[in-house]
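Below: the structure, in structure tokens.
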Number of protein chains: 2
Amino acid sequence: MDRSGGRARHSGDLIASLSGRNPARNLHSDVLWELGLAIVSGQYAEGEILPPDSDLLDRFGVSRTVLREALKTLAAKGLIEARARIGTRVLPRNRWNLFDADVLAWFFELGPEVGFLRSLAEVRIGIEIEAAALAAERSVPELSAALIACVELMAIAETPADFARHDLEFHRLVAEASGNPFMASISALVEMALTAAFTISSPVNDPVALGVTVSVHRRIAEAIRDGDSHAARLAMRDAISQGFDRAAGRMEKEG
Amino acid sequence: MDRSGGRARHSGDLIASLSGRNPARNLHSDVLWELGLAIVSGQYAEGEILPPDSDLLDRFGVSRTVLREALKTLAAKGLIEARARIGTRVLPRNRWNLFDADVLAWFFELGPEVGFLRSLAEVRIGIEIEAAALAAERSVPELSAALIACVELMAIAETPADFARHDLEFHRLVAEASGNPFMASISALVEMALTAAFTISSPVNDPVALGVTVSVHRRIAEAIRDGDSHAARLAMRDAISQGFDRAAGRMEKEG
DNA sequence: TCGATGTTATTGTCATACTATTGCGGCTGT
DNA sequence: ACAGCCGCAATAGTATGACAATAACATCGA
């Protein structure tokens with residue numbers, strides 16, 4: 001069940017391409033993704049010790065440098081911890097940095113479960129509601145206009161990918177308008193959530209769903225423009241809940 | 001040559017020791033912290049290219065292995081991106097993973113500005129309000145009891161450090177009770193915020209402040225026990241706001 | 001003028017050796 | 001028989017030097 005059939009790459013590429021990133025394709029990244037996936041999938045359980053360097057070296061056929069840099073990267077994301085004579089231990093899940101784009105991508109690579117998507121929607125609600133409220137309080141005409149424009153682009157989007165792009169841009173703008181650097185830092189989270197939702201079920205092909213989605217986003221934009229933080233809160237909650245409900249409903253129907 | 005004065009270590013130790021972690025003391029970590037601080041402080045500005053490996057090698061007096069692993073760690077946290085022939089570029093701040101414990105620690109190391117503390121309080125409000133509400137909805141007697149017990153420990157804490165420990169444990173329990181893994185993952189954030197607040201001004205030595213703080217935490221615990229998500233929301237908001245107000249007020253008074 | 005091409009500075013990768021840390025098991029002394 | 005010390009060995013940490021891949025830039029040619 002390995003992906004060793006030639007140079008087939010991890011499918012994080014899809015997500016990366018949507019977000020406009022251009023991740024380097026090097027050995028380090030290959031090893032990183034394979035180990036990252038193995039850990040997130042539970043193939044190496046929490047608290048377990050992974051094979052020693054020498055074994056992993058054989059397995060991947062790379063130099064010690066590459067392997068160790070991959071391990072350092074995993075350690076930086078809170079997935080593992082290396083200690084001399086003990087080995088490299090998988091840390092408990094609550095130490096994992098779930099707000100990291102790669103870690104999230106690994107979860108999605110395994111096929112996101114509905115419970116995971118729900119958790120994601122819950123944090124998004126918490127953070128983005130507050131972002132919307134702050135954006136309303138600190139409303140700047142320029143950004144408000146950009147938000148409105150973004151909604152119009154969503155309304156006329158012709159492909160699911162276009163729609164997702166403008167949706168993502170909308171949420172990014174709200175974060176920016178909040179003036180809080182932490183809000184902007186969760187764009188990876190939003191990106192994943194939207195990518196998942198868009199993959200599972202895009203509203204583009206369903207006129208009714210499209211209308212609902214656009215209108216709730218318009219409510220957000222207008223509330224921010226008008227400096228109405230209460231309305232912004234409510235609208236943002238609706239927007240995220242609806243997105244999740246649509247995806248979850250679809251998953252249920254199909255699965 | 002190493003940094004003047006022998007083995008003087010970065011002061012993140014204080015934070016680490018409070019939180020019970022036992023960070024490795026190795027060369028890699030030294031280089032990491034020095035570069036991390038330099039970047040966060042703006043000594044290397046966004047978009048700027050840092051000196052090439054060879055220069056940094058001279059500067060730190062370590063092997064290429066160590067330097068490169070430190071750089072990989074910084075890259076994993078979203079602070080830099082290295083490309084052949086170009087150099088190693090400092091990424092724009094919105095790519096930084098502010099939810100990373102190290103990155104946060106570097107911000108605090110520079111002396112947290114009141115605006116930064118406010119931003120932190122804002123995200124905490126967003127996330128922890130939702131966590132408290134979820135905890136109320138999914139209330140489990142066992143955890144509710146633990147929360148109540150935690151409050152009692154806060155009430156009788158004799159030193160600021162003890163108080164901070166129980167405070168931290170309280171918020172950790174709420175996150176756990178929410179049943180949402182993302183909520184637990186932000187403990188690093190809470191940790192930093194509380195450590196900062198505790199450093200700036202602990203309520204332990206002020207009976208009135210202590211009473212207020214304890215009572216608001218008790219309100220949270222009771223609301224969760226009673227399954228009252230609305231009350232839990234309100235109380236959690238109060239708790240975080242009060243903590244921030246106290247620290248901010250103290251900062252203002254002093255300077 | 002512009003496009004192809006070589007040059008070169010910089011990161012990426014490799015191989016090997018040595019050092020530091022620390023759990024474990026055996027040794028020693030009581 | 002037991003406790004504590006102590007050295008062994010397994011593992012990650014560090015060092016060094018070489019070569020490969022990449023891509024901006026200068027150079028050359030049409």
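Below, chain A is the first sequence line, B the second, and so on; all start at residue 1.
Atoms CG (A:Leu32) and P (C:dT13) sit 12 Å apart, rounded to a whole Å. Between the CD1 atom of A:Ile49 and the P atom of C:dT22 there is a distance of 14 Å, rounded to whole Å. In this structure, B:Leu71 places its CG atom 15 Å from P of C:dT10, rounding to the nearest Å. Rounded to a whole Å, the CZ atom of B:Phe60 is 13 Å from the P atom of D:dA15. If you take CD of A:Glu81 and C1' of D:dG13, they are 15 Å apart, rounded to a whole angstrom. Atom CG in A:Leu67 sits roughly 9 Å away from atom P in D:dA12 (whole-Å rounding). Regarding A:Arg68, its CZ atom lies at a distance of 16 Å from the P atom of C:dA15, rounded to whole Å. Rounded to whole angstrom, the span from the CG atom of A:Asp53 across to the C1' atom of D:dG13 amounts to 10 Å.
Considering only side-chain N and O atoms, B:Ser63 lies nowhere under 4.0 angstrom from the phosphate OP1 or OP2 of D:dT14.
Side-chain contact check for B:His171 and B:His217: at least one donor-acceptor pair (N or O, by modelled atom type) lies under 3.5 Å. Side-chain contact annotation: A:Thr65 with A:His28, donor-acceptor N/O pair under 3.5 Å absent.
With hydrogens and angles left out, the side chain of B:Arg64 and the base of C:dT11 share no donor-acceptor pair within 3.5 Å.
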(request) Give the intermediate values and the outcome of ring-ring contact (aromatic ring centres under 6.0 Å, His included) for residues B:Phe107 and B:Phe116. (result) CA-CA 9 Å; B:Phe107 271 102; B:Phe116 187 77; 4.6 Å; yes

(request) For salt bridge (Lys or Arg N to Asp or Glu O under 4.0 Å), just list the numbers for B:Arg165 and B:Glu169, CA-CA rounded to whole Å, side-chain angles, deciding distance to a tenth of an Å, and then say yes or no. (result) CA-CA 6 Å; B:Arg165 206 181 329 277; B:Glu169 175 66 6; over 6 Å; no

(request) Determine, step by step, whether B:Arg59 and B:Glu34 satisfy the salt bridge (Lys or Arg N to Asp or Glu O under 4.0 Å) criterion, reporting the C-alpha distance in whole Å, the side-chain angles of both residues, the deciding distance to 0.1 Å, and the verdict. (result) CA-CA 11 Å; B:Arg59 170 170 159 195; B:Glu34 190 156 342; 3.7 Å; yes

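A salt bridge is defined here as a Lys NZ or Arg NE, NH1 or NH2 lying under 4.0 Å from an Asp or Glu carboxylate O, and A:Glu69 with B:Arg68 meets this definition.
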(request) Between protein and nucleotides 22-27 of chain D, map the contacts as a letter string: B base, S sugar-phosphate only, - none, heavy atoms under 4.0 Å, written 5' to 3'. (result) BBB---

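Nearest nucleotide to the side chain of B:Thr88, out of C:dT11, D:dT14, D:dA12: C:dT11. Side-chain proximity of A:Thr65 to the nucleotides C:dA15, C:dG12, D:dT14 is greatest for C:dA15.
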